[in-house]
Amino acid sequence: MISDWQIVPLGEFLTQRKEFFIIDDFARYKRARVQSHGKGIVLRDEIEGAEIKTKKQQAARTGEFLVAEIDAKVGGFGIVPPELDGAVVSSHYFLFEVNENKCSKDWLDWFVRYNSLEEQVKAQGSTNYAAIRPSHVLNFEIPLPTLNEQRRIVERVKTLAAYATKAKSLREEAVIEIDALTDSILGNLLDENKSNWTYGVMPEFADVNPSRKGQITLKGEDLVSFVPMRAVDDITGTIARAEPRPYQEVSKGYTWFQDGDVIFAKITPCMENGKSAIAKNLINGIAFGSTEFHVLRPSNKVLAEWLYILARSKQFRNDAAAHFKGTAGQQRVPQSFLDNKVIPVPPLDEQRRIVAYLDSVQARLASLRELQSATGEELSALLPSILDNAFKGAL
């Protein structure tokens with residue numbers, strides 16, 4: 001029972017190991033790096049000893065608890081994995097041996113993965129360079145059930161984690177399948193140059209970045225949807241988490257679009273990742289969003305879904321990349337690319353048939369995404385809720 005759990009300082013089962021050695025210039029070393037927010041220890045790089053300037057270093061051991069002196073404030077701690085046994089870390093890391101007669105390494109590992117120590121670190125109340133010392137770490141507290149209970153919960157969490165990983169893998173496979181299918185269709189279309197298809201520049205089939213002059217009759221306090229770049233889901237091509245905003249608040253300085261328009265990112269790397277969507281269910285049918293969106297408003301010759309397929313395709317994105325303008329990291333697809341981009345447009349019936357087929361593949365992706373989300377939520381809620389309840393109940 002949770003009520004039977006103890007709240008103990010980490011010093012109950014952690015012992016600092018402070019052993020240094022001198023780097024051999026002629027040896028090769030792995031160096032470890034601690035990820036923030038309890039996401040674990042990973043390989044930083046492999047390097048020749050001669051390239052390591054500070055010759056006095058520490059060697060981490062499998063199963064030790066590693067804490068970054070500076071990054072502990074952002075969850076920079078975790079258990080050293082087997083593949084990093086012997087990896088080099090500097091004196092700005094603290095290494096602790098775990099007494100598994102009291103606390104399972106897996107229990108501690110899962111506990112810190114969910115930021116349950118991060119709040120205690122922040123509670124130190126200091127942002128100084130050396131705010132976190134080994135003594136602070138040993139005084140942080142953790143809920144500690146019996147070893148059998150620790151093992152039981154950890155096994156459950158591991159099962160969920162494996163399930164979530166599998167779902168994520170299947171989802172990624174579905175994304176690859178969709179992209180490959182789209183690329184194959186468009187590639188074949190361009191190669192075959194079908195006689196019943198129309199080919200022309202984008203403005204023949206869609207209004208590119210249409211002006212809103214004379215098209216909006218809303219008043220200042222009327223609500224519209226506000227769509228920042230982060231609100232567009234890269235995978236499903238939907239607008240999620242749109243915010244209601246008064247028209248007068250966003251009417252200047254933002255890109256506008258309406259229900260039925262296709263939007264896609266013009267800035268790298270968002271554009272390269274296929275960040276695009278068909279606008280639907282907007283408040284009052286109108287939205288304002290990031291100025292880094294291009295907008296395509298389909299004519300009666302083309303479906304919005306077809307334009308979306310084109311904009312998402314690897315071929316389209318590769319062509320756009322060849323026309324990027326701007327400095328590195330801030331490159332954009334210019335409107336001139338869209339004004340001159342030749343696109344294939346089949347008859348409307350054939351557009352509908354192709355879109356319907358791709359929708360069936362997309363449905364598979366959606367189901368996998370839902371599975372992953374549900375599993376992830378269960379996994380995310382299980383251990384933190386138990387630990388939080390135990391911790392709060394004991395104070």
Side-chain angles (χ1 to χ4, degrees), residues 8-100 102-144 383-384 387 391:
V8 304
L10 298 187
E12 286 284 318
F13 53 83
L14 291 185
T15 303
Q16 186 182 12
R17 183 178 66 81
K18 194 173 183 181
E19 300 174 6
F20 290 85
F21 72 100
I22 303 301
I23 292 291
D24 181 351
D25 284 350
F26 299 99
R28 188 171 180 82
Y29 298 93
K30 291 181 179 180
R31 293 197 292 185
R33 177 174 64 85
V34 180
Q35 299 183 103
S36 60
H37 306 303
K39 292 182 179 178
I41 317 299
V42 295
L43 178 68
R44 173 184 173 186
D45 56 23
E46 291 191 43
I47 191 172
E48 299 296 331
E51 298 181 63
I52 300 176
K53 294 181 179 179
T54 303
K55 299 304 179 184
K56 190 177 180 180
Q57 298 281 342
Q58 303 178 91
R61 296 174 183 167
T62 299
E64 289 185 324
F65 185 55
L66 180 61
V67 179
E69 176 186 13
I70 304 169
D71 292 338
K73 303 181 192 68
V74 290
F77 31 66
I79 298 293
V80 178
E83 63 271 20
L84 292 179
D85 186 48
V88 169
V89 294
S90 74
S91 60
H92 293 297
Y93 291 86
F94 309 133
L95 288 163
F96 300 89
E97 296 175 325
V98 182
N99 181 351
E100 287 206 279
K102 295 183 178 181
C103 179
S104 161
K105 293 174 183 176
D106 287 335
W107 176 260
L108 179 60
D109 187 27
W110 282 107
F111 185 90
V112 300
R113 286 193 195 195
Y114 287 95
N115 304 335
S116 299
L117 284 183
E118 197 169 325
E119 291 305 315
Q120 295 184 62
V121 177
K122 291 177 181 176
Q124 286 294 131
S126 173
T127 58
N128 293 336
Y129 170 81
I132 301 304
R133 306 304 303 160
S135 59
H136 296 144
V137 176
L138 295 174
N139 284 323
F140 295 144
E141 295 181 319
I142 181 174
L144 202 64
L383 191 59
L387 296 174
F391 186 75

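Here Glu48 pairs with Arg28 in a salt bridge; the nearest charged N to carboxylate O distance falls below 4.0 Å.
Between Val67 and Ala72 the shortest heavy-atom distance is CG1-CB, 4.0 Å. Between Gly63 and Val98 the shortest heavy-atom distance is O-CG2, 3.8 Å. The two residues Trp107 and Cys103 come nearest to each other via the heavy atoms CD1-SG, 4.0 Å. What you find for Gly78 and Val112 is that their closest heavy atoms are CA-CG2, 4.3 Å. Between Val89 and Ala32, the shortest heavy-atom contact is CG1-CB, 4.0 Å. Residues Gln16 and Pro134 come closest through the heavy atom pair OE1-CB, 3.4 Å.
Taking CD from Gln58 and CZ from Phe21, the interatomic distance works out to 9.0 Å, rounded to the nearest 0.5 Å. Atoms CG and CZ, on Asp109 and Phe77 in that order, are 11.5 Å from each other to the nearest 0.5 Å. Distance check: Lys102 NZ to Leu144 CG gives 9.5 Å after rounding to the nearest 0.5 Å. Distance check: Arg31 CZ to Arg44 CZ gives 3.5 Å after rounding to the nearest 0.5 Å. A distance of 11.5 Å separates CZ in Phe140 from CG in Leu14, rounded to the nearest 0.5 Å. For the atom pair Ile70 CD1 and His92 NE2, the distance stands at 6.0 Å (nearest 0.5 Å).
Side-chain atoms of Asp71 and Ser36, non-hydrogen and from C-beta on, never get closer than 4.5 Å to each other. In this structure, Glu83 and Leu43 have side chains that are not in contact, with every pair of non-hydrogen atoms separated by 4.5 Å or more. Between Phe65 and Ile79, some side-chain heavy-atom pair lies under the 4.5 Å cut-off. Residues Ile47 and Val88 are not in side-chain contact: their nearest non-hydrogen atoms beyond the backbone lie 4.5 Å or more apart. Side-chain contact check for Ile142 versus Leu108: some heavy-atom pair is nearer than 4.5 Å.
Glu69 places no side-chain N or O within 3.5 Å of a backbone atom of Phe94 that could act as its donor or acceptor partner. In this structure, Lys56 contributes its side chain and Ser91 its backbone to no donor-acceptor pair below 3.5 Å.
The side-chain hydrogen bond (donor to acceptor under 3.5 Å, both in side chains) test applied to Asp24 returns no partner, not counting sequence neighbours. Every residue two or more places apart in sequence or in another chain that forms a side-chain hydrogen bond (donor to acceptor under 3.5 Å, both in side chains) with Lys55 is listed here: Asp25.
Counting only residues at least two apart or in different chains, salt bridge (Lys or Arg N to Asp or Glu O under 4.0 Å) contacts with residues 58-67 comprise Arg17-Glu64, Glu19-Arg61, Arg61-Glu97.
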